[in-house]
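Written below as structure tokens is the structure these notes are about.
Chain identifiers are assigned alphabetically (A, B, ...) following the order of the sequence lines, protein sequences preceding nucleic acid strands; residue numbering begins at 1 within each chain. Because the structure is predicted, anything quoted here is derived from the model rather than measured.
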Number of protein chains: 2
Amino acid sequence: MVEQEKLKRIQVDRNSFECSITTDVAVFGFIENSLKVLLIKRLSGYFMNHWLLPGGVMEADETLDDCAKKVLYQLTGFRNIHFEQVKIYSELERHPLKRVITQSFYALVKPENHSLVIGGNVERISWFDIDRLPEKIGYDHRQIIHDANLNLQLNLRERLIFGELLPKTFTLAELQNLYERILKIKLDKRNFRKKIFQMDVLTSTGEKKPGVKGGPLLYRYKNGNVCE
Amino acid sequence: MVEQEKLKRIQVDRNSFECSITTDVAVFGFIENSLKVLLIKRLSGYFMNHWLLPGGVMEADETLDDCAKKVLYQLTGFRNIHFEQVKIYSELERHPLKRVITQSFYALVKPENHSLVIGGNVERISWFDIDRLPEKIGYDHRQIIHDANLNLQLNLRERLIFGELLPKTFTLAELQNLYERILKIKLDKRNFRKKIFQMDVLTSTGEKKPGVKGGPLLYRYKNGNVCE
DNA sequence: CCAAAAGTGTTACGATTACACCCATGT
DNA sequence: ACATGGGTGTAATCGTAACACTTTTGG
């Protein structure tokens with residue numbers, strides 16, 4: 001019983017070792033025919049002159065998902081955005097001062113409502129082409145961005161998450177272009193249309209997109225509850 | 001600048017809110033033609049009279065993967081076992097006393113070397129059929145087991161992780177049976193063999209399994225670095 | 001009217017499925 | 001000897017991939 005008491009105390013001591021838990025969100029947008037990710041520069045703290053993913057510390061009264069939502073809301077002002085857990089990073093030397101483990105998420109936002117608000121402790125905020133990231137990226141955020149991008153590609157392939165990346169209405173060519181740019185593949189126009197139609201995720205608006213040769217039809221993403 | 005100082009202090013305060021981080025490992029074995037999961041009963045602590053996944057608290061000098069490895073080693077004595085991250089659980093009311101978030105893993109062990117060691121603070125340790133779990137399972141471990149099982153199924157389907165679940169040599173019928181039991185599907189014998197062979201993951205030992213009618217050939221999992 | 005992009009169907013191929021008999025071994 | 005399980009090939013089907021011309025619109 002003494003042995004067990006000892007074990008228990010060790011357990012309790014371990015429980016109270018200090019470790020912060022944060023979430024980092026890779027916010028993706030599809031702008032000017034490229035997949036972009038949103039990075040910020042902080043006014044203070046470590047990696048001041050580096051670009052970082054928007055992230056924040058989890059508080060006692062929120063889950064990791066709550067925390068990610070909060071961070072996203074504080075930074076972009078958007079709600080009901082599609083976002084997903086990606087991975088947890090728990091390497092010892094992630095943060096220079098203390099032990100910090102982070103759960104990464106990715107989020108998709110529509111390019112049409114980009115009212116980027118510079119929040120507290122933020123010096124700059126900017127979209128970066130996923131293939132042209134800045135040199136100086138803080139912590140292991142380059143790795144996190146890379147992993148989030150892989151995850152996005154996987155989800156796009158398997159689960160058709162694109163409703164949040166395009167404007168409310170879009171042409172099939174625009175959608176195909178998004179697939180080609182994000183997945184870095186070339187698709188056959190006819191096969192692509194066939195596939196998308198038989199997946200039954202689009203509804204035609206009946207209208208044609210003005211200003212484009214050929215007069216392409218505009219479509220809408222079927223899945224009702226999409227953010228505004 | 002005063003505003004920023006304030007922000008920074010809030011951030012630091014948030015950093016130091018107390019939250020334990022644990023790992024829980026769903027150890028799977030394939031025994032008597034069923035997928036089993038390893039559960040323990042603790043001698044002390046919450047959920048004493050409940051079954052629990054083996055799990056432990058992450059220490060300051062280890063990553064989550066290290067921690068899972070450690071827990072696994074302490075419980076089974078095995079090393080070089082195949083295991084993978086599954087999911088993180090961060091709901092507020094997971095633990096009755098304090099905030100605890102846990103990263104779950106699943107691990108696969110060979111049935112042939114089951115020297116189950118009862119570690120400290122463990123009253124009982126036992127394999128349970130995945131479809132006949134005990135009534136009383138502590139915390140959210142029933143959910144964690146369920147999610148880990150889904151993950152295992154996915155990996156079995158897509159990445160052929162079975163080398164760790166079967167003895168060193170096995171017949172194709174045994175392998176097919178494993179697939180059928182874990183995935184809960186019925187497979188065609190000829191198509192299954194065709195598929196496995198064209199995947200080129202097995203090598204024949206040239207020997208036949210004694211004691212079985214028909215005299216089936218024994219195979220070995222090709223992937224070199226498999227645990228002992 | 002011309003250039004540019006939209007829209008449309010069919011064929012070929014590869015992968016998956018369904019299916020039945022003979023052979024080897026243990027009892 | 002016989003009952004049990006091991007081992008083998010082929011035809012049908014489905015999904016995927018390749019491919020070229022006509023129509024619509026903007027400039």
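Taking atom CZ of A/Arg193 as the reference point, atom C1' of D/dA17 lies 17 Å away to the nearest angstrom. As rounded to whole Å, 17 Å separates atom P of C/dC13 from atom CG of A/Asp188. A/Lys186 has its NZ atom 15 Å from the P atom of D/dA17, to the nearest Å. The CD-C1' distance, from A/Glu174 to C/dA6, rounds to 12 Å in whole Å. Distance, A/Leu202 CG to C/dG7 P: 12 Å, rounded to whole Å. With rounding to whole Å, A/Ile196 atom CD1 is found 14 Å from C/dG7 atom P. Rounded to an integer number of Å, the gap from B/Phe170 CZ to D/dG6 P is 15 Å. Rounded to whole Å, the distance from CZ on B/Phe192 to C1' on D/dG7 is 14 Å.
As judged by a 4.0 angstrom heavy-atom cut-off over every strand, A/Leu217 is placed among residues touching the sugar-phosphate backbone only.
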The contact string for nucleotides 21-27 of chain D, one letter per nucleotide 5' to 3', using protein heavy atoms under 4.0 Å with B, S and - for base, sugar-phosphate only and none, comes out as ---BBS-
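In summary, the side chains of B/His82 and B/Glu84 do present a donor paired with an acceptor at a separation below 3.5 Å, with no hydrogens or angles considered.
For A/Lys184, the salt bridge (charged side-chain N to carboxylate O under 4.0 Å, His left out) partners two or more places apart in sequence, or in a different chain, are A/Asp131.
In the interface, the side chain of A/Lys194 is not paired with the base of C/dT8 through any donor and acceptor atom under 3.5 Å apart.
In this structure, the side chain of B/Thr102 engages the main chain of B/Thr22 through a donor-acceptor pair within 3.5 Å. Between the side chain of B/Gln74 and the backbone N or O of B/Val71, no donor-acceptor pair lies under 3.5 Å.
If you find the closest nucleotide of DNA chain C to B/Gln198 and to A/Phe197, the one lying nearer the 5' end belongs to A/Phe197.
The ring of A/Tyr106 has its center no closer than 6.0 angstrom to the ring center of A/Phe83.
A/Phe28 places none of its side-chain heavy atoms less than 4.5 Å from the side chain of A/Lys36.
Remark: B/Arg190 is not in phosphate contact with C/dA18, judged by side-chain N or O atoms under 4.0 Å from OP1 or OP2.
With rounding to the nearest 0.5 Å, the separation of OG in A/Ser34 from CH2 in A/Trp127 is 12.0 Å.
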